[in-house]
Amino acid sequence: MNEAKGHALSLRGLSKKYGEFVAVSDVSLEVGRGEFLTLLGPSGSGKTTILMAVAGFVAPSAGAILLDGRDITPLPPEKRDFGMVFQGYALFPHMTVAENVTFPLRVRGMSRAERDAKVRGALDLVQLGAFADRLPKQLSGGQQQRVALARALVFDPALLLLDEPLSALDKKLRAELQEELKALHQRVGRTFVNVTHDQEEALSLSDRIAILNHGRLVQAGAPGELYERPRTRFVADFLGKSNFLDGMVHGATASGFALEAGAVRVAVRLPDGAAAPPEGARTLLSLRPEKVALLAEDEGAENIAEGRILSFAYLGAGFSLRVATEHLGEIRAVLPAWKAPIAPAEGLPVRLGWAADAAVPVLEDAA
Amino acid sequence: MDGAYRTGPFGRSLAWVTALYLVLPILIVVPVALTDQRFLSLPQEGISFRHFGTVLGSAEWLGSIWQSFTIAVAATVLSVTAGTLCAIGCWRISRRATELVRVLMLLPLIIPSIVYAIGLYRYFGPLGLLDRFLGVAIAHGVTGIPYVVITVSTALAAFDPRLEQAARGMGASLSQTLRWVILPRIAPGIFSGAIFAFIHSWDELVMVLFIASRQVFTLPRRIWDGINENLDPAMAAVAVLLILFTLLLLMADRALRRRSEGG
């Protein structure tokens, strides 16, 4: 509904070097109008450097940054008109909440009446209207975060940039603010670019995620797409947890293949349009722990592996099992407690089963 | 031994003796100023405030006080402006070269002021600045810069650089960022520096002896001459007034710091 309000951002071959150190290497990325994009990666993956380059605080060594097709690479930060929520919020400690939120309007020389109306609107948007006269240090972490959001949105910025906006909050508050942030994004309909190392946050908030490692873009796509069809081992491992099965491709057809690992074969069914790896090639499969079931005695499955429970952990909602199998090494399984056919115990012999479309071939990452 | 935290009687008395040693010469001028005699001495028969009356009723003393005050104000303005800009510039650029600049700025503190005064005398002569209000104000202002550079640099070290980024990200120009974000945050540091720069000029004698003679006759200079020529207890009265004034300034500084830390 608000799609037209957002702006489109593109990064073309963006690189940043600090002397010999390559922080960002040839990253190209499109962010659509009104999209919520998250740059996700471990620390040192270059995600913050990219955000700072978009904001204008870091000059790229090569490449270009375009807003709606216009090159903004040489513009200083104050000319870019982007809202930003900093890590730790960077609220001005000597100004009240209202003065903080007014700041971007004041620098634009807006009239007092217009300013006041906008500030009230922005504070209401984040439900902080009653706190206008407090100083930032009199607010809780979550409230400060919302002031930072109001301040970043009050001047109708072309883009909203968020640098680990939730990292300073405790877990429960973080979950709450994730929902608020998502609702806010839908209400204002602007383009958001978020940076985080928290994969759960990325999955729950984003329209699209770009996964970065060692300054390179590894894979970009919708959260479900990345989770279900990771392209490389790094993506499968970083976004959620994964088992990896190593073997040779055997009997490849249009719809699938078998992975030969030792004396067993693992059946793999590919989705439409996905190409099977070449016959005889060494391949890695990613198998999500929650897709592995603990089979009852007479139960069958497309793939079955027998083994013994090495250890297990009770997680309240379910069990996490480590099972040593004869041919496929150690396999982790996560299953809901109500669905476990037996009570797990260490050393107990068990049968694990999974569907042929549960495992996905992934590439080994380049070093 | 009664534990590592407690100070033994020896340490405690040493501390008190040291404190007394520091304070006594300052305190001794108080009874001297209240003497009932006509020369520098302790009161004999009773205390008298007449020497305060002499000072406050004398055009010469009042003239010197006023001159010292205006020079100190002008010097403070110079020190604060130059020192604050220098500290902010070094902080923003923050390279090796700026470290060198900062050390250079501290030179007036390190070099003996008599050496500095000889240098000033040599090149103020041709410039016509000898025995001029402007000359003394410049000399005091320049030598007051280090105090401001130190206090402002300290304040800036505690300034979160992300605040500046945040301001610029929201569209603030450099001068708006400076006015609305950086200066309010470092104001306590600037005030501290100003107070020290003011005190520095207010009681400076060595340079004044070299670069001023008749026209510019500051308060320390008048005390100096008074002690050399006659031992009038009025000097002690002036000294008491000076001490009170300095104490007031230092208390202002403390109050300001406490407010900026607590507030």
Side-chain angles (χ1 to χ4, degrees), chain A residues 48 51-58 75-96 99-110 122 135-138 144 147-165 168 193, chain B residues 80 84 87-89 91-99 151-194 252-263:
Chain A
T48 303
L51 193 79
M52 287 298 171
V54 172
F57 295 117
V58 165
L75 287 184
E78 59 267 30
K79 295 263 156 65
R80 295 199 182 188
D81 217 27
F82 295 167
M84 181 145 181
V85 174
F86 285 80
Q87 203 171 0
Y89 320 133
L91 297 177
F92 302 127
H94 57 292
M95 298 184 194
T96 64
E99 283 167 346
N100 262 287
V101 180
T102 315
F103 187 87
L105 308 176
R106 202 164 132 205
V107 302
R108 283 168 176 72
M110 196 178 272
L135 285 173
K137 64 164 188 254
Q138 294 168 314
Q144 288 183 18
V147 176
L149 271 172
R151 188 177 68 171
L153 285 168
V154 71
F155 59 104
D156 297 321
L159 273 186
L160 183 67
L161 308 176
L162 303 135
D163 186 8
E164 309 237 3
V193 180
Chain B
V80 166
T84 304
I88 292 177
W91 171 74
R92 276 185 55 88
I93 301 167
S94 187
R95 299 223 183 87
R96 273 185 111 110
T98 61
E99 276 309 305
T151 55
V152 175
S153 296
T154 311
L156 282 169
F159 179 85
D160 182 356
R162 271 177 316 187
L163 294 184
E164 194 208 352
Q165 283 196 340
R168 296 194 53 209
M170 285 183 278
S173 66
L174 190 58
S175 77
Q176 286 172 326
T177 309
L178 201 60
R179 243 179 315 147
W180 291 335
V181 179
I182 299 178
L183 284 182
R185 293 301 296 155
I186 60 170
I190 297 176
F191 277 118
S192 276
D253 181 53
R254 271 193 68 112
L256 250 157
R257 271 170 211 248
R258 193 165 313 156
R259 219 185 63 183
S260 71
E261 277 159 20

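Sequence lines set the chain letters: A, B, ... in the order given, protein chains first and strands last, and positions in each chain run from 1.
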J.: When rounded to the nearest 0.5 angstrom, what distance separates CZ in A:Arg106 from CE in B:Met170?
T.: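 Here the rounded value is 11.0 Å.
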J.: Do you know which two heavy atoms are closest between A:Met95 and B:Trp180, and how far apart they sit?
T.: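 Where A:Met95 meets B:Trp180 most closely, the heavy atoms are CE-O, 3.4 Å.
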J.: With chain B, which of A:Phe155, A:Tyr89, A:Phe103 has the greatest number of heavy-atom pairs at distances under 4.5 Å?
T.: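 Maximum pair count with chain B is reached by A:Phe103.
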J.: Please give me the minimum heavy-atom distance between A:Phe92 and B:Leu163, naming the atom from each residue.
T.: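 The answer is CE2-O, 3.4 Å.
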J.: So do B:Gln176 and A:Glu78 actually touch side chain to side chain, heavy atoms under 4.5 Å?
T.: no
J.: So what's closer than 4.5 Å to chain B heavy atoms on A:Phe57: side chain, backbone, both or neither?
T.: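 Just its side chain gets close to chain B.
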J.: Taking the side chain as everything from C-beta on, heavy atoms only, tell me whether B:Arg185 gets closer than 4.5 Å to A:Pro93.
T.: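 Yes, their side chains come closer than 4.5 Å.
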J.: Within the distance-only criterion (no hydrogens, no angle test), does the side chain of A:Arg108 pair as donor or acceptor with the backbone N or O of B:Gly171 below 3.5 angstrom?
T.: no
J.: Using heavy-atom distances under 4.5 Å, tell me whether A:Leu91 contacts chain B through its side chain, its backbone, both, or neither.
T.: backbone
J.: Decide side-chain contact (heavy atoms from CB on, under 4.5 Å) for A:Met84 and B:Gln165; before the verdict, give the C-alpha distance in whole Å, the side-chain angles of both, and the deciding distance to 0.1 Å.
T.: CA-CA 10 Å; A:Met84 181 145 181; B:Gln165 283 196 340; over 6 Å; no
